[in-house]
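Working notes, beginning with the structure itself.
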Amino acid sequence: MLKSKMKRLDQARDQAAVRLAEIESSLLSLGDEDLLDIADIFRDQPASPIAQIVLAEMTKRNISL
């Protein structure tokens with residue numbers, strides 16, 4: 001039973017990692033205006049993972065709100 005539970009947990013972790021990579025890829029593929037819209041939405045939550053990803057991409061593209 002322990003092996004099957006560990007296998008399920010490993011699969012769930014792997015699926016979560018894939019999903020997170022897909023979300024990050026989606027954010028990075030946004031155009032400048034859409035990226036700025038997301039940044040504006042998360043302006044009051046700068047510590048959130050989405051805000052951090054978006055702000056890093058904005059810095060990379062040399063754009064700001």
Side-chain angles (χ1 to χ4, degrees):
M1 185 168 122
L2 182 59
K3 283 186 179 184
S4 62
K5 184 176 182 177
M6 292 300 292
K7 186 176 179 179
R8 279 195 312 268
L9 289 173
D10 285 344
Q11 288 174 339
R13 184 195 65 231
D14 292 345
Q15 289 172 347
V18 167
R19 189 67 176 148
L20 180 60
E22 291 171 345
I23 292 168
E24 186 172 0
S25 177
S26 295
L27 289 169
L28 299 179
S29 69
L30 292 173
D32 289 351
E33 289 298 319
D34 292 331
L35 194 66
L36 291 171
D37 288 342
I38 298 292
D40 193 34
I41 291 168
F42 285 91
R43 180 185 298 203
D44 295 334
Q45 302 169 18
S48 75
I50 291 177
Q52 291 176 356
I53 293 168
V54 169
L55 291 174
E57 184 64 16
M58 287 171 55
T59 301
K60 192 173 169 183
R61 295 184 191 187
N62 198 27
I63 57 176
S64 62
L65 288 173

**Request:** Sort out for me which residue in Val54, Ile63, Ile41, Leu30 forms a side-chain contact (heavy atoms from CB on, under 4.5 Å) with Leu36.
**Result:** Ile63
**Reported CD1-to-CD1 distance for the pair Ile38 and Ile53, which is rounded to 0.5 angstrom** = 11.0 Å
**Prompt:** Just by distance, do the side chain of Ser26 and the backbone of Glu22 share a donor-acceptor pair under 3.5 Å?
**Reply:** yes
**Prompt:** Looking only at heavy atoms, what is the nearest atom pair of Ala51 and Gln45, with distance?
**Reply:** CB-O, 3.4 Å
**Request:** Output the distance between atom CZ (Arg43) and atom CG (Asp40), rounded to the nearest 0.5 Å.
**Result:** 4.5 Å
**Item:** Euclidean distance, Ser64 OG relative to Leu55 CG, rounded to 0.5 Å
**Value:** 10.5 Å
**Asked** Under 4.0 Å between a Lys/Arg side-chain N and an Asp/Glu carboxylate O for Lys7 and Asp10?
**Response** no
**Nearest heavy atoms of Leu28 and Arg61, plus distance in Å** = O-NH2, 2.7 Å
**Request:** Assess whether atom CD of Gln11 is packed by more than 12 heavy atoms of other residues, nucleotides or ligands within 6.0 Å.
**Result:** yes
**Asked** Are Val18 and Leu9 connected in a single hydrophobic cluster, I mean Ile/Leu/Val/Met/Phe/Trp/Tyr linked by side-chain heavy atoms less than 4.5 Å apart?
**Response** no
**Request:** Taking atom CZ of Arg13 as the centre, report whether more than 12 heavy atoms of other residues, nucleotides or ligands fall under 6.0 Å from it.
**Result:** yes
**Prompt:** Nearest 0.5 Å, what's the CD-CD distance between Glu24 and Gln52?
**Reply:** 11.0 Å
**Prompt:** What is the distance from atom CG of Leu27 to atom CG of Asp34, rounded to the nearest 0.5 Å?
**Reply:** 10.5 Å
